[in-house]
Amino acid sequence: MATVRMTMAQALVRFLAQQYVSRDGVARRFINGVFGIFGHGNVTGLGQALEEIGGDLPYYRAQNEQAMVHTASAYAKLTNRLQALACTSSVGPGATNMITGAAAATVNRLPVLLLPGDTFASRLPHPVLQQLEHPMHQDVSVNDALRPVSRFWDRITRPEQLLSSLPGAMRVLVDQAETGAVTIAMPEDVQTEAYDYPAHFFEQRVHLIPRSLPVEEALGEAVARIRSAARPLIVAGGGAIYSEASEALGAFAAQWGIPVAETQAGKGALPWNHPWNVGPVGSTGGLAANRLAAQADCVIALGTRLADFTTASHTAFQHPGVRVVGINVGSMDAHKMGGLPLIGDARATLVALGERLRADGHRGRPGYGEEVARLKGLWDEEVNRQRAVGSPAVLTQANMIGIVNELSGPRDVVVCAAGGMPGDLLKLWRPLDPKGYHVEYGYSCMGYEIAGGLGVKMADPSREVYVLVGDGSYLMLHTEIVTSILEGYKLIIVVVDNGGFQCIRSLQTSCGSSAFGNELRYRSQATGRLDGEFVVLDFAKNAESLGAKAYRATTEAGLREALQRAKRESRTTVIHTVVDREARVPGYESWWDVPVAEVAGREAVRSAQETYRTARKRQRFYY
Ligand SMILES: Cc1ncc(C[n+]2csc(CCOP(=O)(O)OP(=O)(O)O)c2C)c(N)n1
Ligand SMILES: [Mg+2]
């Protein structure tokens, strides 16, 4: 057997460069680069390997390990999980900085490969710099903290272990149901150790991404349920987009007269103006989808995790006989809410259901189509109204969203993750392209926005990327602006300055407490709380100092002007907008479960508790 002698790190690099995926007959390389921050735990091992044989696999230097994992997640999301990036860190703090990013990737079912350095397998110099010494467990390092947030986890203590570990890691990365963060911890000495690897280990490998179908009986039962339903509703989640099901979904909805509601991850699966797209459903949903959901007797959950925002914390579906049909590549998701599990690819399953419905001679549902069209009309008008709220002199967040949407192109991408904006975007943004709406709301991780925007731009530089980021999120993590400039990936970043964590302040006051600890104010001498004057920050200057082009906009006209200029720029541009702190887009006949104190001195909290207890009575469980 021909062998090649190389270090464990060199073998890893060579193997990764040869992994391809193929779906629908199109093959592409899976791992397309490595993000990293070097330290003693990876620079002489993996760093050496990348320098010597990594030509094929570009290396990107990040500013923050959490951020680079977000960048990798966003990259994978934009490519419908058909391409990914690896992220390497040193031992210790670099590795633990990746935990948040790993959790975000795993929650969102996005493939990222994490390659943290680890303490010496030999243990000879221990404790090494940055080692966590556990008094009892000698085989524990901080990398073990990555286990619960990873879908595959391994530690390579001998170079030949790569032979079994890497194929296992690849299986999980490309598996549409199991994918998420995959961690291969690399003790720093092992990275540099040589082994005679079989030459065929480095041959090109193409992993097929199947379009699997549910078992025939499940399809048959689903057809019967859809056929007998008077008020069916499809809830389209991220899986619909990942499987590129837009066309099949649009045709299915129109042919069988079934409205399609959207989740955060599923928004864009149908263009906003598709006649059967009734808009967002759930806690931050719109009135058309929420009214249809409340009365639906058959909910077809298509590629969705059925998270609490989608189900309005289990209050969205109120029909006494409602039943769920769960179409999902993942068994866990397909079974949710007592659903009839159709375990399969979203697109292939819709096509299969359509064929069987046709054979079955499906009859129409009198009046339902008209009702759907009427509700959609009402919702479209409401979105117009909300986007226009504000005055020429004072911007509101709704206003800002409307303007950015209006001035962006049909293939451009809006990126967001946390704060009040995701809910408003879900209601008000009007995507035309399935990849045009990119909101990370599985982990809703502050700090994802700019780092994620970078990943989107790297995955498709032909699209303009609009990152909408709250002042709170910006302050938490904005330093990948520097990476975007180093690498020449242009972002248009709109910072929405409303004086701090306003969505959490709203939540706090709506549950009866008085506002404290959320806004960006000086500590007041009089009260001892952070309720003094608002701190005035200059986000434009901050961005400029990092190399970005920057503008400030406080009016509608100013924002339009700044966006036009930003579009003409070739490098990352930051627009600091100041919006009305109090203006809110309302909720639409929905609810979100946030617990309220059962004992409180304040009357307002007691009253909120009462309201909460009543609202909870609408929660339904279907198991
Ligand atoms: C990493 C992280 N920490 C805390 C939270 C909880 N959280 C959600 S939104 C939010 C405030 C965000 O503030 P900002 O970005 O200014 O948005 P706004 O609420 O003003 O819309 C906080 C603290 C979170 N989602 N992520
Ligand atoms: Mg804010």
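In each ligand, atom 1 is the first atom listed, and ligand 1 is the first ligand listed. The basis for the numbers below is simple: all heavy atoms, side chains too, and nothing from hydrogens, waters or symmetry mates. Only a predicted model underlies this, so the values are computations on that prediction, with no experimental measurement involved.
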>> When you measure from the side chain of Thr577 to the backbone of Val495, do you find a donor-acceptor pair of N or O atoms at a distance under 3.5 Å?
In response: yes

CG of Leu425 to SG of Cys416, rounded to nearest 0.5 Å, is 5.0 Å

Sidechain-backbone polar pair: Ser150 side chain, Leu146 backbone, donor-acceptor under 3.5 Å: yes

Output field for angle at the Mg ion (ligand 2), Asn498.OD1 vs Asp471.OD1, rounded to 10°, should show 100°

re atom 8 (C) of ligand 1, the protein heavy-atom contact at minimum distance is Ile504 CD1, 3.8 Å

Among non-hydrogen protein atoms, atom 15 (O) of ligand 1 lies closest to Ser473 N, 3.0 Å

| task | Using modelled atom types only, decide if a donor and an acceptor are shared between the side chain of Arg571 and the backbone of Ile485 within a distance under 3.5 Å. | result | no

A student comparing Arg584, Arg505, Met476, Gln502 should find that the heavy atom closest to atom 1 (C) of ligand 1 comes from Met476

Here the gap from Arg430 atom CZ to Arg387 atom CZ, rounded to the nearest 0.5 Å, amounts to 5.0 Å

In this structure, atom 25 (N) of ligand 1 is nearest to the protein heavy atom Ser444 O, 2.8 Å

Going by the 4.0 angstrom heavy-atom rule, the piece of Asp471 near ligand 1 is both

The side-chain contact (heavy atoms from CB on, under 4.5 Å) partner of Val579 among Thr396, Asp471, Val496 is Val496

Original post:
If you count the non-hydrogen atoms of other residues, nucleotides and ligands that lie under 6.0 Å from CD in Glu582, is the total more than 12?
Top reply: yes

Separation between CZ (Phe534) and CG (Asn498), nearest 0.5 Å, reads 8.5 Å

For this session: Flag this pair as yes if the NZ/CZ of Lys457 is under 6.0 angstrom from the six-membered ring centre of Tyr489 and inside a 45 degree cone about the axis; otherwise no.
Result: no

heavy-atom search around atom 13 (O) of ligand 1 in the protein gives Phe501 CD2, 3.3 Å

Legend entry - Geometric N/O contact Cys445 with ligand 1, under 3.5 angstrom: no

Atom 17 (O) of ligand 1 has as its nearest protein heavy atom Gly419 CA, 3.6 Å

Of Gln66, Met446, Glu449, the residue with the heavy atom nearest atom 4 (C) of ligand 1 is Met446

Atom 14 (P) of ligand 1 sits nearest the protein heavy atom Gly472 N, 3.5 Å

ask   = With distance as the sole test, does Ser590 use its side chain to make a donor-acceptor pair with the main-chain N or O of Gly282 at under 3.5 Å?
value = yes

protein heavy-atom neighbour closest to atom 21 (O) of ligand 1 works out as Gly420 N, 2.8 Å

The atoms of ligand 1 lying under 4.0 Å from a heavy atom of Asn498, numbered in the order shown, are 18 (P), 20 (O), 21 (O)

Just wondering, is there an N, O or S atom on Gly500 that's nearer than 2.8 Å to the Mg ion (ligand 2)? yes

*asked:* Please report whether ligand 1 has a polar contact with Cys503, defined as an N or O pair separated by less than 3.5 Å (distance criterion only).
replied: yes

Looking only at protein heavy atoms, what sits closest to atom 20 (O) of ligand 1 is Gly500 O, 2.7 Å

